[in-house]
Amino acid sequence: MIETVEGTFDVLPARFVKPNRVYQQIERWHLVESAAREAFRRYGIEEIRTPIIEKLELFERGVGTETDVNKEMFTFETREGSERIALRPESTASVVRAYIQNGLFNHTGLTKLYYIGAQFRHERPQKGRYRQFAQLGVEIIGQSDSPAIEAEVFEMLTWFFKELGISDTQLLLNSVGDEKCRPNFIAKLKESLKDKLPHLCGNCHRRYETNPLRVLDCKVESCQPYLNQLPRLTDMLCEECDAHFKELCAMLDERAIAYRITPRLVRGLDYYTKTAFEIVGGGKLGSQNTIVGGGRYDGLSEILGGPPTKGFGFASGIERILISLPDDSVARAKESPALFIAYLGDAARKHSFALARRLREEGVSVVVDLEGRKLKKALALADNLGANYALIIGDNEIQSQSYTLRDMQKSAQKTCSEAEIIAILKKD
RNA sequence: GAGAGUGUAGCUCAGUCGGUUAGAGCGCCAGGUUGUGGCCCUGGAGGUCGUGGGUUCGAGACCCAUCACUCUCCCCA
């Protein structure tokens, strides 16, 4: 048997999905995608779709070649061998590229874009981490770096998770400074780390050389006491970054949005400035429990060859949201037919197909028995499909031009005309 | 890239010390009712025991390899 490649999966109706593979349930995807699109609509954020493949160079420049990003990308060469292509590992770089390439900076006001789509990373799969995964994200690009941008996005995310019934989340907030204050901090950090280094783990030693900021993020238990003694980013921000951060916190307070300042939260990539944040999810997730990650990236446009531009955005792993949804989500998102038509005999069969078409033209979702089952079997199928109503058509019904409409939940049935059927089904 | 665990029917799982024809519950199919689903009763189908090798008189079980899944480390754009 030929199976899906490692770290990928099919998404299909919930009744076909193995228990505990909730991220494969299409109803959950629809729930999350429609809530997201509604959130974006309310906040005036418009959709952008960028290609799944991009020139490798885009991601190399965007995220820097220092990181492991390279080896974790799916890449290939064009047949001519002249171009190196990557399956997108994230979308921020693509969106900023599109912003530049399409000249969006020539339009007035902030550019507020969202995307929903597949991303690819060549990593070992585990809970909430797959090789093909989906993210939904927002990028707010323009000339302003007002913290009102961040505050509004956090407000939207609050609504979004509330709408989905996901309550056990936490907003972790930090500022990673900018090109003015961060170098000072890194110098201080390295100095402070020197005498603690012998006590720290191997990873910390490596990061001390390659990316000292990430030492702060180490999760090894034995490192924690020493890490707590390190200087705090938020204590060493330059005037501008400090003011930005304080203003953002005040705006969140005004909106009654809960957050936790997490001085040791850093982002992996170089282009982030000022605001950095994560939203972590609850107990249904394993160790991969970051449900949203993002931050401000005021220098990224220039790195990609565009005009000086500021930006703020986030990306959210859809599979992790799906795993975090309440257990009854699929029931609430039920996508079963409103009406199942069962018939008896050839005349009724023809009649059923014609009636089904008329009902569908009225916007009713209708499933007709296509296999000529016995009535008993047809009703069992209607039950199995979760149809709200079953319509029974036999010679009697054709004669009288009225049908037996059975409410499957109540097990009650009555005789209805076509117009009455339409009225009842449109009401639901 | 590293480690640990798991892999038996559509699903959830049992299968003793290596021993006859591999089981259960649920689901599925048929019948009990040729115009009525769920409950009940009767019967039935469905398995190369992940795959390939090996040990053995004999392997679902033991060994090796491999693939996949799960979880963790790593990394996290």
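Every chain is numbered from 1, with letters handed out A, B, ... down the list of sequences.
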Any A:Lys374 side-chain nitrogen or oxygen under 4.0 Å from OP1 or OP2 of B:rG31: yes
Quick check: are there more than 12 heavy atoms from other residues, nucleotides or ligands sitting under 6.0 Å from CG of A:Asn228? yes
Whole-angstrom distance between B:rC29 and B:rU16, as gauged at atom P: 33 Å
Distance-only side-chain donor-acceptor flag, A:Arg121 / A:Tyr130, under 3.5 Å: no
Given RNA chain B, 5'-ward residue of the pair A:Thr290 and A:Thr4, judged by closest heavy atom: A:Thr4
Between B:rG19 and B:rC75, how far is it from one P atom to the other, in whole Å? 47 Å
Please produce a list of atom pairs where a protein N or O lies less than 3.5 Å from an N or O of nucleotides 70-73 of chain B.
| from | atom 1 | to | atom 2 | distance (Å) |
| --- | --- | --- | --- | --- |
| B:rU70 | OP1 | A:Tyr23 | OH | 3.0 |
| B:rC71 | OP2 | A:Lys127 | N | 2.6 |
| B:rU72 | OP1 | A:Ser287 | N | 2.6 |
| B:rU72 | OP1 | A:Ser287 | OG | 3.2 |
| B:rU72 | OP2 | A:Gln126 | OE1 | 2.8 |
| B:rC73 | OP2 | A:Ser287 | OG | 3.0 |

With rounding to the closest Å, how many angstrom separate the C1' atoms on B:rA9 and B:rA14? 13 Å
When the C1' atoms of B:rG15 and B:rA68 are compared, how many Å lie between them, rounded to an integer? 23 Å
Measuring only the P atom in each nucleotide, how far is B:rU51 from B:rC67? A whole number of Å is fine. 15 Å
Charged N to carboxylate O under 4.0 angstrom, A:Lys284 versus A:Asp327? yes
Determine the Euclidean distance between corresponding C1' atoms of B:rU56 and B:rC71; express it in Å to zero decimal places. 35 Å
Sugar-phosphate only, base, or nothing, as touched by A:Thr404 at under 4.0 Å among non-hydrogen atoms: base
So for A:Asn384 and B:rG37, does any side-chain atom that can act as donor or acceptor lie under 3.5 Å from a complementary atom in the base? no
With no hydrogens and no angle check, do the side chains of A:Ser316 and A:Gln135 hold a donor and an acceptor under 3.5 Å apart? no
Centroid-centroid under 6.0 Å between A:Tyr297 and A:Phe312 rings: no
Side-chain donor-acceptor contact under 3.5 Å, A:Glu139 with A:Thr92: yes
Would you state whether a donor and an acceptor, one from the side chain of A:Gln135 and one from the base of B:rA77, lie under 3.5 Å apart? no
Phosphate-side-chain proximity, A:Lys377 and B:rA30, N/O vs OP1/OP2 below 4.0 Å: yes
What is the nucleic acid contact for A:Arg267, judged by heavy atoms within less than 4.0 Å: base, sugar-phosphate only, or nothing? sugar-phosphate
Can you tell me if A:Gln170 and A:Tyr259 form a side-chain donor-acceptor pair at under 3.5 Å? no
If we take the P atom in both B:rU70 and B:rC28, what is their distance in whole Å? 27 Å
How would you label the contact of A:Glu3 with the nucleic acid (heavy atoms, under 4.0 Å): base, sugar-phosphate, or nothing? nothing
For the side chain to side chain donor-acceptor pair (under 3.5 Å) test, which of A:Asn174, A:Asp178, A:Asp145 pairs with A:Lys274? A:Asp145
Base, sugar-phosphate alone, or nothing: which one does A:Gly313 contact when heavy atoms must sit under 4.0 Å apart? nothing
Does A:Lys18 make a side-chain N or O approach to OP1 or OP2 of B:rC11 shorter than 4.0 Å? yes
Tell me the closest heavy-atom pair linking A:Met73 and A:Leu56, and the distance in Å. CE-CD1, 3.6 Å
Scan A:Glu397 against the nucleic acid and name what it touches under 4.0 Å (heavy atoms): base, sugar-phosphate only, or nothing. base
Nearest whole Å is fine: how far is B:rC76 P from A:Asn289 CG? 16 Å
Name the one of A:Leu213, A:Thr234, A:Leu237 that satisfies side-chain contact (heavy atoms from CB on, under 4.5 Å) with A:Phe185? A:Leu213
Writing each nucleotide of RNA chain B 5' to 3' as (, ), [, ], | or . by Watson-Crick or G-U pairing under 3.5 Å yields (((((((..((((.....[...)))).(((((.......))))).....(((((..]....))))))))))))....
Please report the distance separating the C1' of B:rC49 from the corresponding atom of B:rA24, rounded so that it comes out in whole Å. 16 Å
Just call it for A:Ala382: base, sugar-phosphate, or nothing, with non-hydrogen atoms closer than 4.0 Å on any strand. nothing
